[in-house]
Number of protein chains: 2
Amino acid sequence: MTDKNIPDIVVSRLPIYLQTLQHLSRQGKTITSSQELGEQSFITAAQVRKDLSFFGGFGKQGSGYDINYLSARIRQILKVDRIWNVALVGSGDLGHAIARYPGFAERGFHIRYVFDNDPAKIGKMIGTLPIISTDKMVEIIRQEGIMVAMITVPSRAAQSVADQLVQAGIKAILNYAPVALNVPENIRVETVSPILQLEHMTYYL
Amino acid sequence: MTDKNIPDIVVSRLPIYLQTLQHLSRQGKTITSSQELGEQSFITAAQVRKDLSFFGGFGKQGSGYDINYLSARIRQILKVDRIWNVALVGSGDLGHAIARYPGFAERGFHIRYVFDNDPAKIGKMIGTLPIISTDKMVEIIRQEGIMVAMITVPSRAAQSVADQLVQAGIKAILNYAPVALNVPENIRVETVSPILQLEHMTYYL
DNA sequence: TTCTGTGAACCGCTTCACAGCG
DNA sequence: CGCTGTGAAGCGGTTCACAGAA
């Protein structure tokens, strides 16, 4: 089910649908249509139906999609029907903001460890989590079998951190540093690039 | 020059090239090739050449591209060869982290005002910036002619903030709230969606 | 010779349009 | 009758391959 040659761009829209479905659900709706789901996701209805059809027929012809059922199926497909333990590397302002933001845990991404290489920070707490030395990072991540990490260290340190994470067995990295990370093919990296997004928009101003 | 029907996807790669060029420049390089620029940006050499050719011939056949010259031209195209004043709405953890992060100013995005609707926060300082009541937001933004804003308020408040920003004359919004914002066609919105990025990656694990 | 700039071929995603099921 | 699921058509971005400039 996981990989039947589904276009990556289709997979990237599933989280959007999921977000919109939760939004509709919070409004008390139980049924939706490709029309409604599309409008609220800014995606055409035909696109929505095509995307979902890659994974099977989730709708009922004539009536539409059951919101709870469709949400559950998409969560299964994306493997977010479970808890993911996450390691956070970098305890600067951004690291703090992320560690204290409840939104990740609400979606099943539980930050379990915070690492930093600054001796002055080791042992200090962020909420209930102690800041741990990066010296122990590889060992802990491997031991705990953690597969997902976030990087919020300065750019110059990001590649070296990524290398260590790969060595520790991390399989998915969310990178907040404004650099392109080099990792083996079987490791997923997504970069959060607000500056590039701003630069993209100014073109049109 | 700004809009000669350049595909949006091409524009979205220019900031990546710019980032890589700065990286190459910091390494002391002065000349590069579509090959090298592409490898470090994880984009094919043909794609790099094709993208740049939309805007004119910036390279020298046989030798390659002058890094300083190409950087300057891309900055012109993206209109990041100037200072952009930015309004930040929301002074929670994330707002604080953004306001204190020097990276935006380094790229020409200067955060000039921070707004929040929490009376307890009004008047407190973030660095050198006072937190200002959202009651004054529309007036100040309009008066100062600010065109770029960032939203870091909770999801439930984001659409209402966006509406006010549009009313105030904002033309580009960088949205950190996990919701799809509805704005008029002539306003640009980009959403920072780390959670969707994580959900995208877990599909492949 | 090297590497850019670019028409043309290719490929893959999007949109269309309708059959078919509830 | 309404809305999904889907083959087929359409379209746009990517890759190819080479002419041509330095």
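Per chain, numbering begins at 1; letters A, B, ... match sequence-line order.
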### Task
Check the angle between the aromatic planes of A:F104 and A:Y101 and answer parallel, tilted or perpendicular using the 30° and 60° thresholds.
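Plane angle over 60°, so perpendicular.
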Does [X] reach the side chain of [Y], with side-chain heavy atoms less than 4.5 Å apart?
X	Y	result
A:R112	A:I83	yes
A:M137	A:I132	no
A:L181	A:Q159	yes

Rounding to a whole Å, what distance do you find between [X]:[atom1] and [N]:[atom2]?
X	N	atom1	atom2	value
A:I6	C:dC13	CD1	P	11 Å
B:E36	C:dT4	CD	P	10 Å
A:I31	D:dT4	CD1	P	11 Å
B:R13	D:dG12	CZ	P	16 Å
B:D8	D:dT14	CG	P	11 Å
A:I9	D:dT14	CD1	P	10 Å

### Query
Does OP1 or OP2 of C:dT4 have a side-chain N or O of B:S34 closer than 4.0 Å?
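Checking C:dT4 against B:S34, a side-chain N or O does come within under 4.0 Å of OP1 or OP2.
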### Message
Quick check on C:dT15: is either OP1 or OP2 less than 4.0 Å from any side-chain nitrogen or oxygen of A:Q47?
### Response
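So the side chain of A:Q47 is within the cut-off, an N or O lying under 4.0 Å from OP1 or OP2 of C:dT15.
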### Contact nearer the 5' end of DNA chain D, comparing A:Q35 with B:S63
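Result of the comparison: A:Q35.
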### Query
Taking atom types as modelled, is there a side-chain donor on B:E36 or B:Q40 under 3.5 Å from an acceptor on the other?
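No, B:Q40 and B:E36 have no side-chain donor paired with an acceptor closer than 3.5 Å.
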[X] side chain to [Y] backbone, donor-acceptor under 3.5 Å:
X	Y	value
B:H110	B:V86	no
B:R142	B:Q167	yes
B:E190	A:L198	no

#### Entry: Minimum-distance nucleotide to A:T44 side chain [options: D:dC3, C:dT4, C:dT15]
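Among the listed nucleotides, the one closest to the side chain of A:T44 is C:dT15.
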## Note on the structure
Protein heavy-atom contacts under 4.0 Å, written 5' to 3' over nucleotides 5-12 of chain C as B (base), S (sugar-phosphate only) or - (none), form the string BBBB----
### Message
A:R188 vs A:D8, test: salt bridge (charged side-chain N to carboxylate O under 4.0 Å, His left out). Steps then yes/no.
### Response
CA-CA 12 Å; A:R188 309 289 306 187; A:D8 186 63; 3.6 Å; yes
### Message
Angle between the two end axes of the helix from C:dT1-D:dA22 to C:dG22-D:dC1, five base pairs per end, rounded to 10 degrees?
### Response
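Roughly 10°, once rounded to the nearest ten degrees.
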